[in-house]
Amino acid sequence: VKEEAPMTTRITVLGPGCARCHELFENAKAAVVDLGIDADVRKIEDVAEMVSRGIMASPALLVNDELVLAGHVATSRRLGELISASM
Amino acid sequence: VTTTRAEAAPREREVAIARTWLAVAAAALAWTVLYQVNGPLWEWLLFGPIGLDPRSRTGESIRFFVFDTTKILLLLIGIIFVITVLRSFLSVERTRRLLGGRREGFANVAAAMLGVATPFCSCSAVPAFIGFVSAGVPLGVTLSFLIASPLVNEVAVVLLFGMFGWRIALLYVSAGLAIAIVSGFALGRLSPERWVEPFVFEVRAGAAAGGPRPEWPERFALAREEVAKIVRKVLPYLLVGIGIGAAIHGWVPESFFARYAGPDNPFAVPFAVALGIPLYSNAAGILPLVEALYAKGLAMGTLLGFMMAVVALSLPEMILLRRVLKPRLIAAFVGIVAAGILIVGYLFNAVL
């Protein structure tokens, strides 16, 4: 029996480097700490990459490459709900 | 045991949804009652238990201050809530689908209106621009969208309505839409494609990903968050603006602005617009000042021109757009929109 590798949740914040995008990034990091999960929180500021992923409203949040939030900053509590719902 | 649990989940969900609707209905009722009693309640409180003299200047000023601030706050809370719920049915991705492949002209009108209706922040300007262009939305139409979005801003409309009544608010919305439609169309006539950074045309937009479709409780939760955010942002501006207004009221003579920047001075509008372009603020920061200056005899067209220039054209936005637009197109953009604002300013001064 092979032991399952611990799954790291990939959380990606997309936005062109604006204040709101930074706020969402910080809230996402806080949400991960509150949930106590093993997660890799990253930020993508390349606009061309955002658009090629079909995202136009920033800031946006992906959990394991799935879009869960676009166009607004959510509180860390709300982000916690969104992240645990799509894990 | 497992069956009951499986059945309980959807019922719990239903109960939660019913509870949310009930809370919204209760809030709507409370809002209506507060809006109705706002005037009489303050009058009773200030001139009754507090004991101010209704005939004194101070008494009347304080009454007006608390009544007006409460009224504007209530309007902001109610209208922003409703607007955010309505807007949650639209998204930038959806708007892009609606505008994709349409011809210029009518599409400029649709784009300006969608610019007002779509939830959008200036930080989305660049990704939206690339996304629209890659979906085959003509450049002029895309620009109509990008001009209308900050210009006809919901906070501005609510504050104008609260401070000057629905006529001025309606006039502002129509003028903002007209500027966005005509400026976008005019920019489209200049073959602006040559002034767009080439990489924009190479981006292949992915399938529109709008995120999960929200349910009613999520829409309401989003609206509540938005109301809290806007009130927190606007309140200090309102109080400071009213403070500045009071200072102007006490220290600047009544005829000062009327003499130098009244409707008769032809240079007042261009000066106000030129002053407003590099400035960057939101409607909430500008409008209390506008109200104070209006009370001092500054013409409404001049003031609205100033406000439009502040919210529609700003240095940070130009720097952001520079990533996708060449300086020539940015210059044409600023020039044409500024000309539109100038015309609207003169027009307002002539008719109001």
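In this text, all values refer to a predicted model and were calculated from it rather than measured experimentally. Every chain is numbered from 1, with letters handed out A, B, ... down the list of sequences.
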Asks: Does the side chain of S144(B) come under 3.5 Å of the side chain of N108(B) through a donor N or O and an acceptor N or O?
Replies: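 Short answer, yes.
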Asks: Should the pair R219(B) and F89(B) be classed as cation-pi, given the thresholds of under 6.0 Å to the six-membered ring centre and 45° from the axis?
Replies: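 Judged by the rule, R219(B) and F89(B) form a cation-pi pair.
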Asks: Between V203(B) and chain A, which part of the residue has a heavy atom less than 4.5 Å away: side chain, backbone, both or neither?
Replies: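 Just the side chain, heavy atoms under 4.5 Å.
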Asks: So, D38(A) versus T8(A): side-chain donor-acceptor pair below 3.5 Å or not?
Replies: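 Short answer, yes.
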Asks: Quick check: closest heavy atoms across R53(A) and D65(A), and the distance to 0.1 Å?
Replies: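 Between these two residues, the closest heavy atoms are NH1-OD1, 3.8 Å.
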Asks: Which one of E49(A), M50(A), R20(A) has the most heavy-atom pairs closer than 4.5 Å to chain B?
Replies: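 Greatest number of close heavy-atom pairs with chain B: R20(A).
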Asks: Heavy-atom cut-off 4.5 Å, strictly under: side chain, backbone, both or neither for L320(B) against chain A?
Replies: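 No part of it gets close to chain A.
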Asks: Taking every heavy-atom pair that is under 4.5 Å apart, which of E226(B), E225(B), E202(B) has the most such pairs with chain A?
Replies: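 Of the options given, most contacts go to E225(B).
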Asks: Go through the structure and list residues passing side-chain contact (heavy atoms from CB on, under 4.5 Å) with V158(B), not counting sequence neighbours.
Replies: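 Listed in chain order: L75(B), L76(B), I79(B).
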Asks: Among P316(B), S124(B), S134(B), which has the most heavy-atom pairs under 4.5 Å with chain A?
Replies: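 Result: the option with the highest number of such pairs is S124(B).
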